[in-house]
Amino acid sequence: MSTEENPAAAPRSLAEALRGRDDVSLAALLRSRPDLITPVPTDLTQLATRAGTRASVVRALERLDRFTLQAAQALAVASAPVTYGELLGLMAGDDGDPAVSAALPHALGTLREQALVWGGEDRLRLVRTARELLAPSPQHPSPTGLGPTVREAAAGMSPGRIQEIVATAGLPSTHDSVSALEALAGLFSDPERMSALLDQAPSESVEVLERLVWGPPYGQVTADPAPRLRWLLDRGLLLPTAPGTVVLPREVALRLRAGRAHRTTEPVPPTVEAAAAHAPRIVDATAAGQAYTALATVEELLKDWHEGGPAVLRAGGLSVRDLKRTAVALDVPEPVAAFWVELAYAAGLLASDGEADERYAATPAYDEWLERPAGERWARLATAWLAATRTPGVVGERDAKDRTLSALGPGLDRSAAPEVRHRVLALLAGLPEGAAPDGESLLARLRWERPPRVVRTGGGTPSPYARRTPAQPAEGARGAVARAETPGYAEDGRAGGEDDLRSRLARWTLAEAEMLGVTGRGALSSHGRALIGAPAPRHAEAEPEPTGPGDKLPVHHRQAPAPRVLSPAEQATAAAGAARLLEPLLPEPLDHVLLQADLTAVAPGPLERPLADMLGVLADVESKGGATVYRFTPGSVRRALDAGRSAADLHAFLAAHSRTPVPQPLAYLIDDVARRHGHLRVGAASSYVRCDDDAVLNEILADKRAAGLGLRRLAPTVLAARTDPAALLEGLRAMGFAPAAESAEGDVLIARADAYRTPPRTPPAPVPDGPPVPDDTLLAAAVRAVRAGDLASTAPRRPVGGEAAGAEPGELPRTSAADTLATLQAAVLTNDTVWIGYVNAEGAASQRVIAPIRVEGGFVTAYDHTADEVRTYPLHRITGVAELAD
């Protein structure tokens, strides 16, 4: 029998409503509001209390979609309890709206599931805290634009003035103000009588009402209102709330709105439109190219910091100058450089070394990452990006203390970022395969699913996102009520001015996904789809085949369901699948280059790592792109010789890896630099130069550029210098010579840069947006514990010793030690279940329903129905015991 057929069975509180739910419904509540089980409540009464706390309710309201939130706002402006028909009238209006009628049951079901609404359809009640947050007040106007009720607005009026208003409105006088206000509210709520009253109103008065009807409902008047305002004030259509301030009562506004609580209801989510269509293979190929570029960029970044990167700021992070240098080295804008730096940091490939002079460098994990196949390397970057809460898009902005936010520094975490990234990619997965979204329609969908915050966070202080009461302008000379728009909000309550954070995160997600290769030409790639665990793409038969990359898709498609949140193990499996799909699309590394007579080498594609590393030492990168161009210079050849290579090694290397013959100019360049390389030797004396050819030393001494080196001849083949060996090497090279450094034993020093690595580091942990969503195992255990605790707290007990032991709800039973022992021993003999109060070693009191098995040695061993296991309790910690009623 339903509650409508049996009113006595209707719940009288939220706790009773929760008690009537099954385990599946309770698990759904705890899954949607995970803060309710942190920690697990002892019983359903405590769960209901926690579900009604301000912080929990605010969090739940912020996760509602626009239409469900509008339904909650409508319940907040209705008189509790509300019938389903009344709620439907507030949402659909007197004329009705089929879309609203179809969507309202689901919205109401969501409010019920999240314990924001309870009661049957004939007695719907919004939880008190939610009503306080959403109900209109002068300090916190409602997004509905409605004002207070007649009774609330007239609370400070004198009984005589109330009777005057009732009489002027054509109602019979009453014996008290309460009945008079009820009669006035009934008049305003009656469509026929209200229409008759408005038919008598002057057109100027009706115009005033029309200006206030959709809010804000407050206005200012002078001490001597104009006749059109006096006509409204005398009949209660406007009521004074403070000196010089009037308000349009809620009942009047609703009747003028034809019963609607909102000017515009949005029962159907906006459709994400496809702006362009591309062939899926083109999308995958483009995304694969971007993925390869992403890998190359991260490698180039960390190779640039191979010997230790820039210093860490005292406050943490990368300096503006170092970020600019990194952007120049990567040939990208600074915001893009910040993205790559943060991505490498999130993937655990980059960290600070923790030394006294702290600086950034690659981690040991980078070397392991380099050895993995390209698809797996990309999957690691993409997975780290999906889960990261650090947001490179805010680099360069100011924090609450007016400090600049720096890359790799503190303050970049935005806990909503992972959820927005997953949702944006899920919406892309809902489009036809190869379709790129229209950005504005995507943002409109996200705003509908999670509208900008319009509830106040408590403590009497409005949320920074809450609607504020605008300053009302003063009345004009004739007493006209002026209406001011709420700053930052349009008439439908949507946020105006600066975009909300979720919209900015969505825009950054689209740009970052394209750079990372998750999308190609704006459309989700096949490996991007696998990365988020989205189902296989659908192929709509009615959709025409696009003929070009800019073709519009005229079909309004249904959005695919969002992929569920993946567990860490499932995410690892999805990443492996994405890597397998991407691997065949990436270009195969080449083992050759094309040498040209102008001292350049062209790499027509990606090179194998040993070849690329050696060529990076022997030549300088001149240009990048589809083909990389390297240029050989005397300095680059000397760099290879300094690294321990001989001229013969270089000739053999080029001959082995060039598809074209080694040009003569390049061979001459290598031989010329090699012939002079090491001809001069520099060591520490403070420093010295030695050469077997004294004519060369004479040439150095005669060169004016050598004056700053402080050279003097010690022997025909030896020069001494005041400068250190490194400065002497640079000075001689600037003069056109090719000296080589030597050790104290006279051996040539090989200048090979050693890779610098930080100690092992873990990637930065994401900052969660509230408690994590519990898994099914934890939910089942939590529901079982709450049920058992509720059984212990609500089980009927027999009186003990002439007293109602534990008669008060939640109060522990109190019995003497002798009575406790006797009752427990009797329960062992009769196999009865009893109710006990227990205080643990930390002093926490709880109620337990147990079936005693044995009592001995000062302990009772029993099956604990609350914990669903056998436990042993010390008798001295049991406060009392009571038998359960039959």
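Excluded from the calculations below are hydrogen atoms, water molecules and symmetry mates; all remaining heavy atoms, backbone and side chain alike, are included.
- For the atom pair R390 CZ and L343 CG, the distance stands at 12.0 Å (nearest 0.5 Å).
- Neither side chain, D322 nor Y360, offers a donor N or O lying under 3.5 Å from an acceptor on the other.
- Under the rule for a side chain to side chain contact (heavy atoms under 4.5 Å, CB included), the partners of E583 that lie at least two apart in sequence or sit in another chain are P373, A374.
- S646 meets the side chain to side chain donor-acceptor pair (under 3.5 Å) test with D649; sequence neighbours excluded.
- Ion pairing between a basic and an acidic side chain is recognised when a charged N comes within 4.0 Å of a carboxylate O; R639 and D642 show no such pairing.
- Here E588 pairs with nothing under the side chain to side chain donor-acceptor pair (under 3.5 Å) rule; sequence neighbours left out.
- Applying the side chain to side chain contact (heavy atoms under 4.5 Å, CB included) rule to K324 yields the partners V320, E334; only residues at least two apart in sequence or on another chain are considered.
- Rounding to the nearest 0.5 Å places CZ of R529 at 6.0 Å from CD of E433.
- Considering only heavy atoms from C-beta on, L524 stays 4.5 Å or farther from L431 through its side chain.
- Remark: D613 pairs with K303 by the salt bridge (charged side-chain N to carboxylate O under 4.0 Å, His left out) rule, at least two apart or across chains.
- Here the side chains of L349 and R380 are in contact, with some heavy-atom distance below 4.5 Å.
- Residues D620 and S636 have side chains that never bring a donor and an acceptor to within less than 3.5 angstrom of each other.
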Under 3.5 Å, side-chain donor or acceptor atoms of residues 510-520 against the rest of the protein: list the pairs with distances, not counting sequence neighbours.
from : atom 1 : to   : atom 2 : distance (Å)
E512 : OE1    : W385 : NE1    : 2.8
E514 : OE1    : T519 : OG1    : 2.7
E514 : OE1    : G522 : N      : 3.1
E514 : OE2    : R521 : N      : 2.8
T519 : OG1    : E514 : N      : 3.3

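- Between F632 atom CZ and L654 atom CG the span is 5.0 Å, to the nearest 0.5 Å.
- Side-chain N/O atoms of R398 and T404 include a donor and acceptor closer than 3.5 Å.
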